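Side chains are part of it too, since the values below use all heavy atoms of this structure and drop only hydrogens, waters and symmetry mates. In this text the structure is predicted, and so the values were computed from the model without any measurement.
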Amino acid sequence: AGFVDVGHARDNADMVLWVYANLLSGSRNFQVGNDTVVVSTPPVCKAQILALAGAIVYVNSWAHELITWGNTAVFGAAQAEDYSAFSPEDLPSNIVGIRAASTAINAGGDASPKAFDDQMDIAFAAMMNGKEDELGAQPAAVTKQLEEQVEFEIGDKDLAGKWWTYDKSSGQNGFVR
């Protein structure tokens, strides 16, 4: 168990649909974010295409974390991601999005943007606390308690297990390494 960043999950889900659509249309060379994907041997069945789309999106999400690791010069000060690269919830959240998108597409979510959105709602709900209950979503009070356990507060002497900080008076909120 842990935190799921729904923003990361949805970004990756949307990217799976994008990559899947490109592969399904026969594209062998296309952009995913700032990266170029080249597929030398495209899969032939929809299940393989969807699996490849998920793999491409996962590698791309991992690459994003890698290029932003400790380097605020990559994006400039306005978009610096120095302390958020590889935060503990990033990659698991990305995987949640990839799985949810795969479920949504398999349920007909590739028919239209609305169909995808509708199927994503169903897939997320099932994963979080529905029929599938894969993630075992917790009530807000439990989540808040867990959040407090990993929060570094000004004056703390030990960073062990602390990876997040929030100080209302500071512009330096974010992740602690």
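- Ser112 pairs by the side chain to side chain donor-acceptor pair (under 3.5 Å) definition with nothing, not counting sequence neighbours.
- With sequence neighbours left out, Asp35 forms a salt bridge (Lys or Arg N to Asp or Glu O under 4.0 Å) with no residue at all.
- Judged purely by atom type and a 3.5 angstrom limit, Ser93 uses its side chain to pair as donor or acceptor with the backbone of Glu89.
- Note on Val96 and Ile122: separate hydrophobic clusters, where clusters join Ile, Leu, Val, Met, Phe, Trp and Tyr whose side-chain heavy atoms are under 4.5 Å apart, directly or indirectly.
- Looking at residues two or more places apart in sequence or on another chain, you find a side chain to side chain contact (heavy atoms under 4.5 Å, CB included) between Gln48 and Pro43, Val44, Cys45.
- Counting only residues at least two apart or on different chains, no salt bridge (Lys or Arg N to Asp or Glu O under 4.0 Å) pair has a member in residues 15-29.
- Residues passing the side chain to side chain contact (heavy atoms under 4.5 Å, CB included) test with Val142 are Gln138, Pro139, Leu146, sequence neighbours excluded.
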Donor-acceptor list for residues 99-110 side chains, cut-off 3.5 Å, not counting sequence neighbours:
| residue | atom | partner | partner atom | Å |
| --- | --- | --- | --- | --- |
| Arg99 | NE | Glu134 | OE1 | 3.4 |
| Arg99 | NH2 | Glu134 | OE1 | 3.0 |
| Arg99 | NH2 | Glu134 | OE2 | 3.3 |
| Ser102 | OG | Ile98 | O | 3.0 |
| Thr103 | OG1 | Arg99 | O | 3.1 |
| Asn106 | ND2 | Ser102 | O | 3.2 |

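- For the pair Val39/Thr41, no side-chain contact is recorded, criterion being any heavy-atom separation below 4.5 Å from C-beta on.
- Two residues are said to be in side-chain contact when any heavy atoms from C-beta on lie closer than 4.5 Å; Leu91 and Trp62 meet this criterion.
- Scored by the salt bridge (Lys or Arg N to Asp or Glu O under 4.0 Å) test, Asp118 finds Lys114 as partners (sequence neighbours excluded).
- Among residue pairs with one or both ends in residues 41-64, none qualify as salt bridge (Lys or Arg N to Asp or Glu O under 4.0 Å); sequence neighbours excluded.
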Would you list the atom pairs, donor with acceptor, under 3.5 Å between side chains in residues 5-20 and any protein atom, with sequence neighbours excluded?
| residue | atom | partner | partner atom | Å |
| --- | --- | --- | --- | --- |
| Asp5 | OD1 | Gly7 | N | 2.9 |
| Asp5 | OD1 | His8 | N | 3.1 |
| His8 | ND1 | Asn94 | OD1 | 3.0 |
| His8 | NE2 | Asp90 | OD1 | 3.2 |
| Arg10 | NE | Asp14 | OD1 | 2.7 |
| Arg10 | NE | Asp14 | OD2 | 3.4 |
| Arg10 | NH2 | Asp14 | OD1 | 3.1 |
| Arg10 | NH2 | Asp117 | OD1 | 2.5 |
| Asn12 | ND2 | His8 | O | 2.8 |
| Asn12 | ND2 | Asn94 | OD1 | 2.8 |
| Trp18 | NE1 | Gln31 | O | 3.1 |

